[in-house]
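These numbers were taken from a predicted model, which means no experiment stands behind them. Just follow the structure's listing: the first ligand is 1, and inside any ligand the first atom is 1.
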Amino acid sequence: MPDRILLVGMMGAGKTTVGRLLADRLGWGYLDSDAQVTRATGRSVPEIFSEDGELAFRKEETKALTAAVSGAEPMVVSVAGGAVLSEANRALLARAGIVVWLRARPETLTKRVGDGAGRPLLGDDPGAALAALYEVRRPLYESVAAVTVDVDDLSPEAVADRVLSGARLGVGLGFGRTDSDDSEDRRP
Ligand code: S3P
């Protein structure tokens, strides 16, 4: 198994903040699939959605994800919320490293995304959109994750602690013990 941690979860779950923290702590590289899409296309995510539609965005997302997990360097990758919709992406993620689901209640996500600016799928009612998306995606996150961390009441630092302890227990990655507790779910 390569030294790679892949963070999945809904918009607003904290993948970017926690991903950067983890990469800093581990001294690993950091990639964000949305940022990779923007770099590759020269357009923002909302621009791609409005000019070419979601399907075009999903194709770019798969390319970005494939590139993000093909390097030899140890890496933390924040995987945009909708990437798990594709079975091919899920298979890619599962092969690419340890997949960690940052699980948040829809109410937590709603608070965090505010008016949903910059998030084309959230429309005029982010709370309703997030609840509907979560219903569809929850089993997909569940199916791909080796470790699940409930983030609702935790600071980013505490989430990072739990990701590290879960990842270490899950696949024995080559980093040392952390002092965090080991209460998160683990799947075989
Ligand atoms: C999306 C999540 C966003 C971005 C796009 C679509 C989704 O990324 O890719 O707005 O379908 O959940 P984040 O999860 O990083 O916010």
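- Looking at Asp161, Val163, Val18 one by one, the single match for side-chain contact (heavy atoms from CB on, under 4.5 Å) with Val149 turns out to be Val163.
- The nearest protein atom to atom 10 (O) of ligand 1, hydrogens excluded, is given as Pro120 CD, 3.6 Å; this is a heavy-atom distance.
- Considering both main-chain and side-chain atoms, Thr16 never comes within under 3.5 Å of ligand 1 through any nitrogen or oxygen pair.
- For the residue pair Tyr30 / Ser78, a side-chain donor-acceptor distance below 3.5 Å is found, with atom types taken as modelled.
- Using a 4.0 Å cut-off between heavy atoms, Glu54 makes no contact with ligand 1 at all.
- Nearest to atom 5 (C) of ligand 1 by heavy-atom distance, out of Val45, Val37, Val8, is Val45.
- Against a heavy-atom cut-off of under 4.0 Å, Arg58 is close to the following atoms of ligand 1: 7 (C), 11 (O).
- The number of heavy atoms from other shown groups lying within 6.0 Å of CD (Glu47) is above 12.
- Ligand 1 is never approached by Glu60 to a heavy-atom distance shorter than 4.0 Å.
- Under a 4.0 Å criterion applied to the non-hydrogen atoms of Arg137, ligand 1 contributes the atoms 7 (C), 11 (O), 12 (O).
- Taking every heavy atom of both residues into account, Gly118 and Pro120 meet most closely at O-CD, 3.5 Å.
- The minimum heavy-atom distance between Gly166 and Val147, with the atom names listed, is O-CG2, 3.6 Å.
- Distance from atom 3 (C) of ligand 1 to its nearest protein heavy atom, with residue and atom name: Asp34 OD2, 3.5 Å.
- Below 4.0 Å from some heavy atom of Phe57 lie the following atoms of ligand 1, by number and element: 9 (O).
- Screening Arg105, Arg162, Arg112, Lys15 against Val151 for a side-chain contact (heavy atoms from CB on, under 4.5 Å) leaves a single residue, Arg112.
- Among all heavy-atom pairs drawn from Ala80 and Glu61, the shortest one is CB-OE2, 3.5 Å.
- The nearest protein atom to atom 2 (C) of ligand 1, hydrogens excluded, is given as Met11 CG, 3.4 Å; this is a heavy-atom distance.
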Under the salt bridge (Lys or Arg N to Asp or Glu O under 4.0 Å) rule, what do Arg43 and Asp52 come out as? Steps first, then yes or no, please.
-> CA-CA 11 Å; Arg43 291 186 294 168; Asp52 296 338; 2.7 Å; yes
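- Checked by distance only, ligand 1 and Leu121 stay at 3.5 Å or farther apart across all their nitrogen or oxygen atoms.
- At a 3.5 angstrom cut-off on N or O pairs, Gly82 counts as close to ligand 1.
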